[in-house]
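This report refers to the structure that appears directly beneath it.
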Amino acid sequence: MAGPLVTCENLVKIYKQQEANIEVVALQGLDLEVRAGELLAIVGRSGSGKTTLMNILGALDQPSAGQCSVAGHALTRLGERERNAYRRFVVGHVWQQSGRNLVGDLTLAENVGLPQMLAGVSGGRRARRSAELLERVGLGTMAKKRPEQLSGGEQQRGAVAVALANGPRVLLADEPTGELDAQTAAGVVALLRDLTHTLGLTVILVTHDPAVAAAADRTIAIRDGRTSTETVRREQPAPPQTPMTPTEARLHGSDHQASEQSASAVIGLPASTHRESVLVDRAGRLQLPEEALEAVEFAGRAELRILADHVELWPAGTRPFAADEQATGTAVIGLPSEVYRETVVIDRAGWLQLSEAALDRVPFGRHAAVRLAGDHVELWPLGVSSGGA
């Protein structure tokens, strides 16, 4: 299987505000992988780092630390000439405001032809390419119209045609439906999804709209500058009885029966059509959902109970030691776990790091399902029947 088209590893971005002499950390070790031909939605509260990530992927900004690769281009190593070529041919942009997408004094055809002209494409080829793209986005009869003569949805479709003018591999869309009504927004998202199938285009979009996120192949939530939670569309709707997803556990406690009315914690997507998990990085770091922090009072520390197929997180001082539990040494210095209690730190945002013993014994991979079990939290590998897949 081919590797991901987009890879971000431990991305950090720090902005310095000279006037106030302070530093703002926008990204705090973000990891991300996107496959070719995928429609990925990114969600998160204002200030979580979404726009910063999009600017880095578009080579409009550079990270303070970490690595980022798009279609084989290592963005942290590009010179200025290479960055210009990358912005011109590898990525396309669609912005929320139509004024950033289209030049008001030009017709639609001229707008689509402008990036091609800057790339040195001949007049005849520009005209043919522009006509083809406008036809593809449903604006074939509007080539001679100017932006002010178009509706909001037509302007965004025109913006997609402009972004595709030079054949990019990746389309970056920052709130492309933010100024559209629900029906028009659905049409724009359907267009983007069609392009992933017909052109093999990879689309990464930022949204606050649950309907837009529901149409994506995956939805990644960014919290505090890191990728925290992933929600994936099910290929088939879940049957009435199914293993629990994180928020189903929140709604149903220890009951393992799913509810079609339950929803993912990220943006409210229904559990019957979407599966939610937390992301586990290579070092074992993960972020507990806010629901878990509200339900179980960890007070900053948790004890791990490592079982054969999952890991339990107990508030410090409350973890039981079962007679059949395999005794292990503490991670720090190897002291016997039946005598000494070892805790992991959970910060205010819910970030913690699993011990090497937990990662070695439980096959999490890059994802874990979260289940609330009354007085503790359970982490299950995806696909394990008791944990939720």
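Every heavy atom of this structure was used, including side-chain atoms; hydrogens, water molecules and symmetry mates were not. Here the structure is a predicted model, which is why all the values come from computation and not from measurement.
Using a 4.0 Å cut-off between a side-chain N of Lys or Arg and a carboxylate O of Asp or Glu, E80 and R87 qualify as a salt bridge. Taking 4.0 Å as the cut-off between side-chain N and carboxylate O, R282 and E33 count as a salt-bridged pair. Ion pairing between R126 and E132 fails under the 4.0 Å rule for side-chain N and carboxylate O. R226 has no carboxylate O lying under 4.0 Å from a charged side-chain N of D31, or vice versa, which leaves the two without a salt bridge.
Two residues are said to be in side-chain contact when any heavy atoms from C-beta on lie closer than 4.5 Å; W314 and V377 fail this criterion. Under the 4.5 Å side-chain criterion, counting only non-hydrogen atoms from C-beta, Q67 is in contact with T76. The shortest side-chain heavy-atom distance between I204 and L57 falls under the 4.5 Å cut-off. Counting heavy atoms from C-beta on, the side chains of P63 and I56 come closer than 4.5 Å.
Under a hydrophobic-cluster definition in which Ile, Leu, Val, Met, Phe, Trp and Tyr are linked whenever side-chain heavy atoms come within less than 4.5 Å, directly or via other members, L359 and V311 are assigned to the same cluster. Connection of I346 to V280 is established within a shared hydrophobic cluster, with ILVMFWY side chains joined at heavy-atom distances below 4.5 Å, either directly or through further cluster members. Cluster annotation: I220 and V6 are assigned to the same hydrophobic cluster (Ile/Leu/Val/Met/Phe/Trp/Tyr, side-chain heavy-atom contacts under 4.5 Å, transitive). Cluster annotation: L279 is connected to V34 through the hydrophobic network of ILVMFWY side chains, with a link wherever side-chain heavy atoms come within less than 4.5 Å.
Partner of H93 under the side chain to side chain contact (heavy atoms under 4.5 Å, CB included) criterion, chosen from V162, D174, L172: L172. Applying side chain to side chain contact (heavy atoms under 4.5 Å, CB included) to L313 and the options V370, V296, L352 leaves one that passes, L352.
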**OP:** For L30 and L53, run side chain to side chain contact (heavy atoms under 4.5 Å, CB included): C-alpha distance rounded to whole Å, both residues' side-chain angles, the deciding distance at 0.1 Å, then the answer.
**Re:** CA-CA 9 Å; L30 180 142; L53 172 62; 4.0 Å; yes
Subject >> salt bridge (Lys or Arg N to Asp or Glu O under 4.0 Å) between R45 and E290, worked out >> reply: CA-CA 13 Å; R45 295 172 179 171; E290 293 178 347; 3.2 Å; yes
Subject >> Audit row: R366, D281, salt bridge (Lys or Arg N to Asp or Glu O under 4.0 Å) steps and yes/no >> reply: CA-CA 6 Å; R366 300 300 299 275; D281 73 10; over 6 Å; no
**OP:** Begin with the C-alpha distance, continue with both residues' side-chain angles, and end with the deciding distance and a verdict on salt bridge (Lys or Arg N to Asp or Glu O under 4.0 Å) for R157 and E154.
**Re:** CA-CA 5 Å; R157 287 175 175 271; E154 291 167 346; over 6 Å; no
Subject >> V160 vs L164, side chain to side chain contact (heavy atoms under 4.5 Å, CB included): CA-CA, chis, key distance, verdict >> reply: CA-CA 6 Å; V160 172; L164 298 180; 4.0 Å; yes
**OP:** Start with the C-alpha distance between K13 and D61, add both sets of side-chain angles, then the distance that settles salt bridge (Lys or Arg N to Asp or Glu O under 4.0 Å), and finish with yes or no.
**Re:** CA-CA 9 Å; K13 180 60 182 180; D61 202 351; 3.1 Å; yes
Subject >> Residues I222, V43; criterion side chain to side chain contact (heavy atoms under 4.5 Å, CB included); working and verdict >> reply: CA-CA 6 Å; I222 297 181; V43 301; over 6 Å; no
**OP:** Could you please spell out the steps behind the side chain to side chain contact (heavy atoms under 4.5 Å, CB included) verdict for E175 and H208?
**Re:** CA-CA 8 Å; E175 290 281 4; H208 288 94; 2.3 Å; yes
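No more than 12 heavy-atom neighbours from other residues, nucleotides or ligands sit within 6.0 angstrom of CG on D105. Annotation for Q183: atom CD does not count as buried by contact number, only 12 or fewer foreign heavy atoms lying within 6.0 Å.
How far CG of L60 is from CE of M54: 10.0 Å, rounded to the nearest 0.5 Å.
In this model, a donor atom of one side chain and an acceptor atom of the other lie less than 3.5 Å apart for N101 and Q156. Side-chain contact, T318 with E303: no donor N or O sits under 3.5 Å from an acceptor N or O. With hydrogens and angles left out, the side-chain atoms of T52 and N55 include no donor and acceptor closer than 3.5 Å.
Because its NZ or CZ atom is not both nearer than 6.0 Å to the ring centre of W351 and within 45° of the ring axis, R285 does not count as a cation-pi partner of that residue.
The aromatic rings of Y86 and H73 lie perpendicular to each other, with more than 60° between the two planes, well past the 30° mark.
Residues meeting the side-chain contact (heavy atoms from CB on, under 4.5 Å) test with V25, sequence neighbours left out: I14, Q28.
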